[in-house]
Amino acid sequence: DTGVSQDPRHKITKRGQNVTFRCDPISEHNRLYWYRQTLGQGPEFLTYFQNEAQLEKSRLLSDRFSAERPKGSFSTLEIQRTEQGDSAMYLCASSLYGSYEQYFGPGTRLTVT
Amino acid sequence: DQQVKQNSPSLSVQEGRISILNCDYTNSMFDYFLWYKKYPAEGPTFLISISSIKDKNEDGRFTVFLNKSAKHLSLHIVPSQPGDSAVYFCAASDLPGNQFYFGTGTSLTVIP
């Protein structure tokens, strides 16, 4: 079963450090999404790609957040100069173009100390 | 603004009984709705969906009902099983492939 995978599963970093997360979508899925989930909340949309094109990024939380999907396969989400408020679960999902169903990975739990 | 709301943070049900989870939305442009199930330390798992052209969709023990005029949907689980204990999220979208708007989740506990 080649579901959505994310790496690392957990990341602890000190405030001010940069972190990068990776997401590998289901292989035939051409859309890839990043969400953030904080305690007691549902996932909150950040950005998404169709193939290598980033179609929506206005919901990225600040200019410290950036995402790439250079070859239309895996994607990375980078947070620069992390702050304690960035501590959250970062979820990646993928889907087929034209389909509503999004399939989620296990998430990366970020803790900023 | 919270466009999708789940007003019950938690629900406890006896095994074998019906679990009813509710969800309300405000955006009349939403035309597709999903329920996701989430266990701790895992990502959400797709459970069941419904298009706005339907008012009911059933899959085994799970049934989702949509009332467009009330902007309300519900998930029924019958019979409830201990393995159903998880957090359930309602999500809505307006176009295929667009972002989903999620509710805050309802934590279901099925008591054996």
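Naming: A, B, ... by sequence-line order, numbering from 1 per chain. Side-chain atoms are counted along with the backbone in the values below, which use heavy atoms only and exclude waters and symmetry mates.
The contact between B:F100 and chain A is made by backbone and side chain atoms together, counting heavy-atom distances below 4.5 Å. If you measure heavy-atom distances from A:R31 to chain B, the contacts under 4.5 Å come from the side chain alone. Only the backbone of B:E42 comes within less than 4.5 Å of a heavy atom in chain A; its side chain stays farther off. With a 4.5 angstrom heavy-atom cutoff, A:E56 does not touch chain B via any of its atoms. Of the atoms belonging to A:Y33, it is side-chain heavy atoms, and not backbone ones, that fall under 4.5 Å from chain B.
Using cut-offs of 30° and 60° on the angle between ring planes, the pair B:Y25 and B:F33 is tilted. Using a 30° and 60° split on the angle between ring planes, A:Y90 and A:F21 fall in the tilted class, from 30° to 60°.
Ranked by heavy-atom pairs under 4.5 Å with chain A, the list B:L34, B:D31, B:V4 is led by B:D31. Interface check for chain A: of the options B:P9, B:P44, B:G105, the most heavy-atom pairs under 4.5 Å are formed by B:P44. When each of A:A93, A:S99, A:C92 is checked for heavy-atom pairs under 4.5 Å with chain B, A:S99 comes out on top. In terms of heavy-atom pairs under 4.5 angstrom with chain B, the leader among A:Q6, A:H10, A:Q37, A:R9 is A:Q37.
In this structure, the ring of B:Y36 has its center no less than 6.0 angstrom from the ring center of B:F89. Side-chain rings of B:F102 and A:F45 stay apart, their centers remaining 6.0 Å or farther from each other. Checked against a 6.0 Å centroid threshold, the rings of B:F65 and B:H76 count as neighbours.
Note that NZ of B:K37 is 12.5 Å distant from CD1 of B:I48, once rounded to the nearest 0.5 Å.
Using a cutoff of 4.0 Å between basic side-chain nitrogens and carboxylate oxygens, B:D55 and B:K68 are not scored as salt-bridged.
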